[in-house]
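Structure, as structure tokens:
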Amino acid sequence: MRLLTTLILIIAMLTSFTGSSQEIAVLKYKGGGDWYANPTALPNLIRFCNQNIQTRINPRPQTVEPGSALLFQYPFVHMTGHGNVYFSEEEARNLRTYLLAGGFLHIDDNYGMEPYLRKELKKVFPDRELEELSPEHPLFNQQFKFPDGLPKIHEHDGKRPQALGIFDENRLVLLFTFESDLGDGWEDPEVHNDPDEVRLKALRMGANIIQYAFKN
């Protein structure tokens with residue numbers, strides 16, 4: 001029965017990936033962390049992508065839970081927050097199936113999420129570790145070029161930005177951007193008062209991530 005359910009979900013996801021409209025979603029996770037952080041970020045990134053990389057993404061991102069069958073409707077899911085993250089075993093299984101079937105999860109640490117996230121990712125992929133992406137990875141060479149890798153958008157404690165990933169047969173299925181705070185750079189200008197060039201850098205990196213996810 002579980003295999004049949006999985007096959008149905010995969011078919012639903014593939015159908016949604018090849019449809020005329022494009023949908024992305026924010027992951028609503030449990031644990032008390034603020035999954036809803038940076039509310040203007042994703043709409044701004046979508047607008048930028050539709051204007052600059054010829055996507056046709058619904059301007060209003062949806063919300064989806066990790067254990068939901070609706071997860072498979074979205075080729076790209078975004079996750080952010082500052083604090084605790086918790087996945088049940090069922091949610092972890094569903095996330096794993098989604099990712100191995102062709103889905104993509106981008107997790108942007110809004111500062112403070114990292115120690116909780118690492119623990120929960122072991123439920124999703126107990127046999128895999130986060131690996132750092134080199135600046136030569138195709139993620140940094142899409143529409144916009146980032147020869148030095150992930151840009152630093154917000155300074156918190158002086159650590160360098162890192163793009164960490166989990167792979168399935170050389171396909172990047174999960175991206176964790178850490179010590180960069182891309183989402184802050186996607187927000188409305190008055191939220192963080194970032195200079196235009198910093199916001200543009202963040203939006204371009206975000207567009208690269210979406211472009212890579214849609215192509216792979």
Side-chain angles (χ1 to χ4, degrees), residues 6 9-19 21-29 35 38 41-43 45-46 48-50 53-58 61-81 85 87 91-109 113 117-118 120-121 123-125 128-133 137-144 146 149-150 162-178 180 182-183 186 202-216:
T6 299
L9 294 176
I10 291 172
I11 290 169
M13 180 172 67
L14 291 175
T15 301
S16 71
F17 283 16
T18 56
S21 63
Q22 296 169 319
E23 298 275 351
I24 65 177
V26 176
L27 194 70
K28 181 182 179 180
Y29 54 88
W35 62 268
N38 292 352
L42 214 49
L45 178 61
I46 290 170
F48 182 86
C49 288
N50 288 346
I53 60 170
Q54 291 74 56
T55 50
R56 301 179 308 280
I57 305 170
N58 185 332
Q62 305 302 304
T63 299
V64 67
E65 297 184 6
S68 172
L70 297 177
L71 184 67
F72 291 79
Q73 295 183 7
Y74 307 106
F76 180 96
V77 175
H78 177 73
M79 176 179 176
T80 192
V85 176
F87 298 141
E91 289 171 335
R93 257 194 321 271
N94 199 52
L95 273 173
R96 181 184 177 95
T97 301
Y98 162 77
L99 294 169
L100 295 182
F104 187 93
L105 176 62
H106 172 221
I107 307 168
D108 187 47
D109 190 339
M113 171 192 272
L117 177 72
R118 283 184 180 271
E120 295 307 294
L121 286 183
K123 296 179 182 176
V124 183
F125 288 108
R128 308 184 195 203
E129 299 290 339
L130 286 165
E131 304 174 32
E132 185 165 5
L133 276 61
H137 190 275
L139 189 75
F140 304 115
N141 194 34
Q142 297 291 312
Q143 178 77 18
F144 303 104
F146 288 86
L150 186 69
Q162 290 182 274
L164 306 168
I166 290 178
F167 293 83
D168 178 53
E169 297 182 351
N170 295 321
R171 182 177 76 89
L172 180 66
V173 300
L174 182 150
L175 173 69
F176 177 42
T177 46
F178 177 53
S180 172
L182 289 173
W186 302 341
L203 288 164
R204 284 177 169 176
M205 187 67 243
N208 271 18
I209 295 169
I210 286 185
Q211 188 172 51
Y212 175 88
F214 280 9
K215 286 166 56 178
N216 294 275

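Computed from heavy atoms alone, side chains included, the values below leave out hydrogens, waters and symmetry copies.
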- [ ] Under the side chain to side chain contact (heavy atoms under 4.5 Å, CB included) rule, what do Leu71 and Val77 come out as? Steps first, then yes or no, please.
- [x] CA-CA 8 Å; Leu71 184 67; Val77 175; 3.8 Å; yes

Task: By ring-ring contact (aromatic ring centres under 6.0 Å, His included) - contacts of Phe125 (at least two apart) - done: none

TODO: Could you give me the CA-CA distance, side-chain angles and deciding distance for Leu133 and Leu172, then say whether side chain to side chain contact (heavy atoms under 4.5 Å, CB included) is met?
DONE: CA-CA 10 Å; Leu133 276 61; Leu172 180 66; 3.9 Å; yes

TODO: Could you tell me whether the side chain of Val26 reaches within less than 4.5 Å of the side chain of Thr80, counting heavy atoms only?
DONE: no

Task: Donor-acceptor pair, side chain of Asn58 and main chain of Glu23, under 3.5 angstrom - done: no

Open item on the list: Distance check, rounded to the nearest 0.5 Å: Leu182 atom CG versus His106 atom NE2?
Closed with: 5.5 Å

Open item on the list: Please report the interatomic distance CD(Gln211) to CD(Gln54), rounded to the nearest 0.5 Å.
Closed with: 8.5 Å

Open item on the list: With rounding to the nearest 0.5 angstrom, report the OH to CG distance, Tyr212 to Leu139.
Closed with: 7.0 Å

TODO: Could you grab the distance from atom CZ of Phe87 to atom CZ of Arg96, nearest 0.5 Å is fine?
DONE: 14.0 Å

Task: Minimum side-chain heavy-atom gap Leu150-Phe140 below 4.5 Å - done: yes

- [ ] Please work out whether the ring planes of Trp186 and His78 are parallel, tilted or perpendicular, with thresholds of 30° and 60°.
- [x] tilted

Task: Tyr98 (side chain) donor-acceptor with Pro66 (main chain) under 3.5 angstrom - done: no

Task: Gln162 side-chain N/O to Phe178 backbone N/O, donor-acceptor pair under 3.5 Å - done: no

Open item on the list: Can you list everything that forms a side chain to side chain donor-acceptor pair (under 3.5 Å) with Glu129? Sequence neighbours excluded, please.
Closed with: Lys122

- [ ] State, with a plain yes or no, whether a side-chain heavy atom of Leu27 is found less than 4.5 Å away from one of Trp35.
- [x] no

- [ ] Please lay out, stage by stage, how Glu91 and Tyr29 fare under the test side chain to side chain contact (heavy atoms under 4.5 Å, CB included).
- [x] CA-CA 9 Å; Glu91 289 171 335; Tyr29 54 88; over 6 Å; no

- [ ] Can you tell me which residue pairs pass the side-chain hydrogen bond (donor to acceptor under 3.5 Å, both in side chains) test with a partner in residues 164-173, sequence neighbours excluded?
- [x] Arg128-Asp168

- [ ] State, with a plain yes or no, whether a side-chain heavy atom of Gln73 is found less than 4.5 Å away from one of Val64.
- [x] no

- [ ] Taking the side chain as every heavy atom from C-beta outward, state whether Met205 and Asn208 have any pair of such atoms under 4.5 Å apart.
- [x] yes

- [ ] Please test Ile166 against Val124 for side chain to side chain contact (heavy atoms under 4.5 Å, CB included), starting from the C-alpha separation and ending with a verdict.
- [x] CA-CA 11 Å; Ile166 290 178; Val124 183; over 6 Å; no

Task: side chain to side chain contact (heavy atoms under 4.5 Å, CB included) partners for Ala207, two or more places apart - done: Phe48, Cys49, Ile53, Phe144

Task: Reported CG-to-OG1 distance for the pair Leu45 and Thr55, which is rounded to 0.5 angstrom - done: 8.5 Å

Open item on the list: Rounded at 0.5 Å granularity, tell me how far CD in Glu131 sits from CG in Leu164.
Closed with: 9.5 Å

- [ ] Using the test salt bridge (Lys or Arg N to Asp or Glu O under 4.0 Å), find all partners of Lys123 that sit at least two apart in sequence or belong to another chain.
- [x] Glu120

Task: Nearest heavy-atom neighbours spanning Ala41 and Gly183 - done: CB-O, 3.4 Å

- [ ] Sequence neighbours left out, what passes side chain to side chain donor-acceptor pair (under 3.5 Å) with Ser180? Give chain and number order.
- [x] none

